[in-house]
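First listed ligand is number 1; within each ligand, the first listed atom is number 1.
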Amino acid sequence: MKILIIGSGGREYAIASKIKEQDSSVDITFAPGNGKTKSEFKNIDLAVMDFDNLANYAKENDIDFTIVGPEDPLCFGIVDKFEAEGLKIFGPKKEAAMFEKSKAFSKKFMEKYNIDTAKYLETDSVEEAKKYAYSLLHESKVNKVVLKYDGLAQGKGVIIASSEEGINEALNELLLDKKFGDDKIIVEEYIDGFETSVHVLISNGEYIMFPSAKDHKKVYEGETGENTGGMGSYSPNLMSLPYLKDIEEELVKPFIKGLKEEGIDYRGVLFAGLMINSDGIKVLEFNTRFGDPETEVILERLDSSLLDALIKTSEARLNEYKLEVNDKKIVNVVLASGGYPAKYDKGCEIKGLDTLSKDVKVNYAGVKADGDKLLTNGGRVLNILCKADTFEEAYKKVYDEIQKFHLIKCIIGGILVQWLRVYVCKKMNLMLNQTV
Ligand code: AMP
Ligand code: GLY
């Protein structure tokens, strides 16, 4: 079977390596891929938004199935294009990807179908936004309010303000400087609690919930620094387990009902970011693709065939799929270029991979090849994962191994580039031995 994977990050690498691990006969090509997928699989030099050439490539090369990783091509209709050309592909069509493309669209849908979410205002008026944000700030027990760009912003369009000055700065950035574009903004109540990520395969009214996971968004150890795309992840998210039935009843089922009533053909994965507290479960956002770095850990829990799940989802035969998961504990720590999520250098040679213990697995993200060398080529560079019987064991192994990278420093253009090491919930150790 010939598969084309659209994307180049750790999530796409994880999908490919899981498929290959489960069936070594599958032939996998990436567009555009990264420096590691080039040697381990095959890359073609086509951008993720180059729909015409991607579809032509799939036709001319007898690709049996295409899997789309990132949101941009989904939101702009790659699935519509492929299906119109008679090509098989995994992911929601443009109409269904609106849940990711517009936070306001998702909010209205949630209101209509009684899915609990933070109260909000959608606006493009600075005055209106300021008035509402100030009132939410003063109502908030923790003195916080959230301002979000409505459209796609590569995970960076969310600002949490904790003062009137903070609100003014955020509004300047979002509405006056239009840092992310021309769309409206959402001003939203800050919800306190603990977060969890839920991934649900959805197809033609059927659904399958994938194992729980959590990612860590802050860049530095101890949950400090700026928000990023995600600096580490683990599965299961033990704190969320008692809520899984409620999540199914209060989120998944009403979501499916809403799709049916609105006539939306959703075939793909829904990734919901949730906040849970004593008031219940609230949706922070919907994404219409797999999370990164959540996917890296979720797929380690999957024992049934990933490829089969994706194909059956796209063919609206999800009722024929039986999900099998293991109860291993998975920890993933992201190694990022110094400076990320702001400015960082690229082109630093990655050394030390050959010294890593076989107990950990590496998922490659922002890397490029230079002959036999592997160089950094992005913010998030490597994911180091360990699968073990207990979280303690998995943490220890991952952190022991990433010390090896800590020793790496290299000079590019006179600048010292260092790795950042990130924190993955060490403070939760007390909970980690619970059995699930
Ligand atoms: P989003 O892209 O909407 O998931 O937001 C990114 C991150 O911002 C989330 O993972 C949360 O950590 C935080 N966040 C977003 N909305 C809220 C909210 N209403 N209350 C508290 N934190 C939030
Ligand atoms: N890890 C969060 C995301 O993929 O959006």
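Arg289 NH2, 2.9 Å is the protein heavy atom nearest to atom 5 (O) of ligand 2.
Which of Gly273, Gly230, Gly229, Gly291 comes nearest to atom 2 (C) of ligand 2 through a heavy atom is settled by distance: it is Gly229.
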Are there any protein N or O atoms under 3.5 Å from the N or O atoms of ligand 1? List them with distances, or say none.
{"from": "ligand 1", "atom 1": "2 (O)", "to": "Glu285", "atom 2": "OE1", "distance (Å)": "3.1"}
{"from": "ligand 1", "atom 1": "2 (O)", "to": "Glu285", "atom 2": "OE2", "distance (Å)": "3.4"}
{"from": "ligand 1", "atom 1": "3 (O)", "to": "Lys148", "atom 2": "NZ", "distance (Å)": "3.0"}
{"from": "ligand 1", "atom 1": "4 (O)", "to": "Glu285", "atom 2": "OE2", "distance (Å)": "2.9"}
{"from": "ligand 1", "atom 1": "10 (O)", "to": "Glu195", "atom 2": "OE1", "distance (Å)": "2.7"}
{"from": "ligand 1", "atom 1": "10 (O)", "to": "Lys217", "atom 2": "NZ", "distance (Å)": "3.0"}
{"from": "ligand 1", "atom 1": "12 (O)", "to": "Glu195", "atom 2": "OE1", "distance (Å)": "3.4"}
{"from": "ligand 1", "atom 1": "12 (O)", "to": "Glu195", "atom 2": "OE2", "distance (Å)": "2.5"}
{"from": "ligand 1", "atom 1": "16 (N)", "to": "Lys148", "atom 2": "NZ", "distance (Å)": "3.0"}
{"from": "ligand 1", "atom 1": "19 (N)", "to": "Glu188", "atom 2": "OE2", "distance (Å)": "2.7"}
{"from": "ligand 1", "atom 1": "19 (N)", "to": "Glu189", "atom 2": "O", "distance (Å)": "3.0"}
{"from": "ligand 1", "atom 1": "20 (N)", "to": "Ile191", "atom 2": "N", "distance (Å)": "2.9"}

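Of the heavy atoms in Arg11, none comes closer than 4.0 Å to ligand 2.
Each of Lys107, Lys119, Lys103 was compared with Glu188 under the salt bridge (charged side-chain N to carboxylate O under 4.0 Å, His left out) criterion, and only Lys107 meets it.
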Criterion side chain to side chain contact (heavy atoms under 4.5 Å, CB included) on Ile208 and Val200, from CA distance to verdict: CA-CA 6 Å; Ile208 288 182; Val200 191; over 6 Å; no

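Residue contact annotation: Pro293 has a non-hydrogen atom under 4.0 Å from ligand 2. Proximity of Phe290 to ligand 2 is not established, as no heavy-atom distance is less than 4.0 Å.
The N/O atoms of Asp292, backbone and side chain alike, include one that comes under 3.5 Å of an N/O atom in ligand 2.
Between Glu300 and Lys361, at least one side-chain N (NZ, or NE/NH1/NH2) sits under 4.0 Å from a carboxylate O, which counts as a salt bridge.
When atom types are taken as modelled, the side chain of Asp80 and the backbone of Lys94 share a donor-acceptor pair closer than 3.5 angstrom.
With sequence neighbours excluded, the residues satisfying side chain to side chain donor-acceptor pair (under 3.5 Å) with Lys397 are Glu393.
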